[in-house]
Amino acid sequence: MTATVPSTEFKFNTSSIRPGRIIAWTVLFIGGVIMITPLLFMFSTSLKSAGQVYDLRLIPAAPSFDNYVKVLSDGRFMRWFFNSTFVAVAVTLSNVFFDSLVGYTLAKFQFRGRYFIFLAILSTLMIPTEMLVIPWYLMSAQLGWIDSYWGIMFPGMMTAFGTFLMKQFFETVPDDFLEAARVDGLNEFTIWWKVAMPLVTPALSALAIFTFLGNWTAFFWPLIVTNSRDLYTLPVGLSSFAVEQSIQWEMIMTGAAIATIPTLLVFLVLQRYIVRGVMLAGLKG
Amino acid sequence: MADIRLEGLVKRYGKATVVHGIDLEIADGEFVVFVGPSGCGKSTTLRMIAGLEEISGGVLKIGDQVVNEYEPKQRNIAMVFQNYAIYPHMTVGQNIGFGLYTSDLPKAEKQKKIAEAGKILGLEDLLDRRPASLSGGQRQRVAIGRAMVRDPAAFLFDEPLSNLDAQLRSQMRIEIKRLHQRLGKTIVYVTHDQVEAMTMADRIVVMHEGRILQVGTPTELYEQPVDVFTARFIGSPSMNLLPARASDGAIIAGGAKIGGVPSRTGSGDLLVGVRPHDLLVGEASAQAAMALKGIVTVVEPLGSETLVHIEVDGAPAIATAPAKQVPAVGSTVDVWAAPGSLYLFDAPSGKSLGRL
């Protein structure tokens, strides 16, 4: 009797490739190409001179970082970058604080009207932003917030979506944790801050990421509420390149490329939270 | 002083009353166990003592003070929860120290207390670890440690061993008992496990449907249950109950006559109780108070003895046989009980009528 030696020759197992998988990969590949092409053109154009902009080759004939030097040495651009950063960070911090505070209250305290308040908050999700812009503007005008940081930030300082997300998460925190802290003598605010908040970190991360990205790219409301160029956020400022200076595509693309850096950094560093957040919240990124 | 007094304590949720005015005195340093089936009101009572549930009626005193309106912290009690309630984002040391969060003690003093608690509970090498890397028993010890560092007047335990496996449960039972002996503090402990109640308590409080049925030492409850519920709830396996009737000064149970009937029995439907360990398989001795025949339905050899499930005149019962005696299923066996091992109950009310 001879022992059979297992063959070391690699055999491609064609039976494991299912047609469904081929279709899925093809669709994903095409989707990926569609998504990344504008980004590549943005970076490509940012490396071209004004004369080369309409040369649609992806790799520029004479790439140069001159546009970056020009944009970064322009005081206005840095100002807009600061404005966007300040607005996005402030609104994110505000959302993390207030949304979770309200979400916690609705999830963990029994009081009359709790359900009605939750429904009222939730129902605001059904109102499109375009409908709210005029009331926001009138309100800003009455309060003297037109052309101010407050004016840019106030509509997003607390959101119905964030409150809903945090309420759902706080409901999963066992009451025993809170009651143990209560028996230990902590007041309700400290219980929320010290005990409940650390237990919902994945939700907080997801909320922070979505809020930051949403505010970093916000265009419509900042455009309406700001008048002076010093208060423009990056998207509004970049659009002014198009209007006032006969469309300097290479400058717009360079500014946009710089503007994507924080977004990319946030995504790369917090990718797993974004993926988890999308899964948990059941929403589009 | 940490004696706890419940005077007509009531708990209502809307129109539903879940605790019906219970009275109880728990002495300073006593280990009292509330036991009963799910929904009997034992945890609600404990939570009222802790201050986590509002008291709907009655008076709760800790020491000399009425504490009905006191916040949990003001009551100077510590509580250990079923799910441990130790914080996953803190280390073992931080969890234990969290009990001192509101304390004015200097940091060094707090660290000393944490180290002491860690030492007592065998956690000194785990103080820098996170709860996720601990076993169930270790987590429960951390929860006890957090309660200990506060040096409270009384400890409240809400089914603390329910999430542990059987072996760990018996080990933790001993540890909690040792802790009580060492600290000498009042402990109020809630469980649905009668073995925990029997092995740990100075006194057991049996609750059912929001009322206290009986309060007594484990031996008192085992030997003198006031009703069928307590008799069946305390002791494992549960007490056998055989339908019986009193007639002509004797009791007929399982087709056999039992002598020595108490005069207050009167006539009517009765239940004769006998614990499985008192119902022996074999030829009845001359002094037997009750001798019956039963058909074997299931046999459970336990090593030290054999539990024989039988059917006596249609009623199920469990008897005990010596270890090596394993009767065949379907066979008929003789079982008997010695005088003094029978319990008599009034069938309609379930109240005890005494021992036989």
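Below, each value reflects all heavy atoms present in this structure, side chains not excepted, and no hydrogens, waters or symmetry copies. Chain A is the first sequence line, chain B the second, and so forth, proteins listed ahead of strands; every chain is numbered from 1. All values derive from a computational prediction rather than experimental measurement.
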Item to complete: Could you walk me through whether Ile86(B) and Phe177(A) pass the side chain to side chain contact (heavy atoms under 4.5 Å, CB included) test, one step at a time?
Response: CA-CA 7 Å; Ile86(B) 54 173; Phe177(A) 282 132; 5.7 Å; no
Worksheet entry | salt bridge (charged side-chain N to carboxylate O under 4.0 Å, His left out) involving Lys61(B) - partner list, sequence neighbours excluded |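 Here the qualifying residues are Glu7(B).
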Worksheet item: Does any heavy atom of chain A fall under 4.5 Å from the side chain of Leu156(B), the backbone, both, or neither of them?
Response: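 Contact with chain A involves no heavy atom of Leu156(B) at all.
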Hey, can you dump all donor-acceptor pairs under 3.5 Å between chain B and chain A, distances included?
| from | atom 1 | to | atom 2 | distance (Å) |
| --- | --- | --- | --- | --- |
| Arg47(B) | NH1 | Glu179(A) | OE1 | 2.7 |
| Arg47(B) | NH1 | Glu179(A) | OE2 | 3.3 |
| Arg47(B) | NH2 | Glu179(A) | OE2 | 2.6 |
| Asn83(B) | ND2 | Asp176(A) | OD2 | 3.4 |
| Tyr87(B) | OH | Phe177(A) | O | 3.0 |
| Tyr87(B) | OH | Ala181(A) | N | 3.4 |
| His89(B) | NE2 | Lys194(A) | O | 3.2 |
| Thr102(B) | OG1 | Asp184(A) | O | 3.4 |
| Arg150(B) | NH1 | Val183(A) | O | 3.1 |
| Arg150(B) | NH1 | Asp184(A) | OD1 | 3.0 |

Worksheet item: When you look at CZ of Phe111(A), are more than 12 heavy atoms from neighbouring residues, nucleotides or ligands closer to it than 6.0 Å?
Response: yes
Worksheet item: CG of Leu265(A): more than 12 outside heavy atoms within 6.0 angstrom?
Response: yes
